[in-house]
Amino acid sequence: MKVSGTTSATALVVATMLLAGPARAEGWEIIVTPYFMAPSSDGKFGVGPFDTRISTSPADVFSNLNWGVMGSGEINNGNWGFNLDVNYMNLDITPDDVRRLSVNGHQAAYTATILKRVHEHAWVYGGLRVSDMGLRFECQSNCLPNGGINLPNGGANLANIDPSRNQSWVEILAGFRAELPFNDSLDLTVNADVGGFGVGSEVSVNVWPQLGIRISDSTKAIVGYRVIYVKHESEGDGVRFLYDAVTYGPTLGLEFRF
């Protein structure tokens, strides 16, 4: 069933690319877009038999943020293109003093896609997203009983598990981008994609409308709102790992074209 869903989604994108007539071919253009996101998050992390709820506001994130990098780069010739989006945050995820299980570390997503123009104002794209999490679980004094907990079926004892864990996975994705100009100074760009299909993650969804305000021939200010949902569950070294959360919030960036 999972293979069928993946194959169908991939086939749909490929077929659309192949059947679409030529749109326009121009010289190669480079687009660099650093941006900033004020994220809120809702969901849960889990390790072994323990789950911890995550509910953060932008104020929570900024107060716990150590550093971060957000931006995208693209090269296209008006017909085909390649895009790389980087989103990295290093932060303390939960307050250490109020949770039985606190989570600290980094969260990153690196998305590489190939784009094909199918209309004057529309592209389809497909590619890969690499998600990477470096988590440190700190169990409070009342979290584990004396002697720890032996996981079933011969699993490790949680008291003996290294609390620093890195979890990475790769998923395929397919989506579209609509570019809707209102006039010479104002336009709307909407990116939307779905990934996972049981490969890497169970499902991931990314929706990102952005309003562009032209400052000059080569520069735009971009104001948007992004929603990212990911559900991933896996087991390594006999220990279950769960990430099931939605991250959302306004974005602000600058687009430079060369």
Side-chain angles (χ1 to χ4, degrees), residues 5-37 70-87 109-131 170-197 199-200 203-230 251-258:
T6 302
T7 304
S8 299
T10 304
L12 178 61
V13 173
V14 172
T16 305
M17 290 181 173
L18 294 177
L19 294 176
R24 61 183 186 185
E26 302 175 351
W28 289 96
E29 182 177 45
I30 298 174
I31 306 170
V32 178
T33 310
Y35 63 86
F36 168 82
M37 182 176 180
M70 299 179 185
S72 67
E74 180 174 319
I75 180 171
N76 75 70
N77 65 357
N79 195 19
W80 289 90
F82 174 79
N83 182 282
L84 177 65
D85 182 82
V86 175
N87 193 313
Y110 312 103
T111 306
T113 54
I114 296 176
L115 303 96
K116 174 68 173 72
R117 187 184 292 276
V118 294
H119 184 271
E120 182 181 1
H121 303 302
W123 302 73
V124 293
Y125 59 85
L128 299 174
R129 178 177 292 117
V130 179
S131 296
V170 181
E171 63 190 26
I172 62 173
L173 62 93
F176 74 91
R177 181 171 79 193
E179 300 171 340
L180 310 173
F182 297 125
N183 52 50
D184 291 340
S185 302
L186 196 65
D187 61 67
L188 177 67
T189 299
V190 180
N191 287 274
D193 56 71
V194 178
F197 309 105
V199 177
V203 64
S204 68
V205 178
N206 171 59
V207 180
W208 193 6
Q210 301 173 84
L211 186 66
I213 305 169
R214 188 165 298 281
I215 299 174
S216 68
D217 290 342
S218 60
T219 307
K220 284 196 305 185
I222 300 177
V223 180
Y225 194 90
R226 192 172 194 179
V227 179
I228 306 169
Y229 171 71
V230 178
T251 62
L252 179 64
L254 285 174
E255 178 186 279
F256 302 96
R257 291 177 178 258
F258 304 94

With rounding to the nearest 0.5 Å, note down the distance linking CG in Asn79 to CH2 in Trp123. 7.0 Å

Audit row: Tyr125, Asn191, side-chain contact (heavy atoms from CB on, under 4.5 Å) steps and yes/no: CA-CA 10 Å; Tyr125 59 85; Asn191 287 274; 4.0 Å; yes

Using modelled atom types and a 3.5 Å cut-off, is there a donor and acceptor pairing between side-chain atoms of Arg226 and backbone atoms of Trp208? no

Within this structure, what is the OH-CG distance for the pair Tyr110 and Asp85, rounded to the nearest 0.5 Å? 11.0 Å

Minimal non-hydrogen separation, Gly196 against Ser204, with atom names: N-OG, 4.0 Å

Starting at CZ of Phe258, measure out to OG of Ser218 and round the result to the nearest 0.5 Å. 7.0 Å

May I have the step-by-step check of side-chain contact (heavy atoms from CB on, under 4.5 Å) for Leu211 and Leu186, ending in yes or no? CA-CA 7 Å; Leu211 186 66; Leu186 196 65; 3.9 Å; yes

Could you tell me which non-hydrogen atom of Ser72 sits nearest to which non-hydrogen atom of Tyr35, and how far apart they are? N-CE2, 4.1 Å

Enter the distance from Leu173:CG to Asn206:CG here, rounded to the nearest 0.5 Å. 8.5 Å

Atom of Ile75, atom of Trp28 and distance for their closest heavy-atom approach: CG1-CE3, 3.6 Å

Which heavy-atom pair separates Asn76 from Gly81 by the least distance, and what is that distance? CB-CA, 3.5 Å

Take Val205 and Ile228, measure what side-chain contact (heavy atoms from CB on, under 4.5 Å) needs, and give me the verdict at the end. CA-CA 6 Å; Val205 178; Ile228 306 169; over 6 Å; no

Take Glu74 and Glu255, measure what side-chain contact (heavy atoms from CB on, under 4.5 Å) needs, and give me the verdict at the end. CA-CA 11 Å; Glu74 180 174 319; Glu255 178 186 279; over 6 Å; no

For Arg117 versus Gly78, what's the shortest heavy-atom pair and its separation? NE-O, 2.6 Å

In short, Glu171 meets Val199 closest at the heavy-atom pair CB-O, 3.4 Å

Using a 6.0 Å distance limit plus a 45 degree cone around the ring axis, check whether Lys116 lies over the aromatic ring of Trp80. yes

To the nearest 0.5 Å, how far apart are OG1 in Thr33 and CG in Leu254? 9.0 Å

Could you tell me whether Asp217 atom CG has more than 12 heavy atoms of other residues or ligands within 6.0 Å of it? no

CG/Leu180 to CG/Leu188 distance, rounded to the nearest 0.5 angstrom? 5.5 Å

For residues 186-197, the salt bridge (Lys or Arg N to Asp or Glu O under 4.0 Å) pairs (sequence neighbours left out) are Arg129-Asp193, Asp187-Lys220

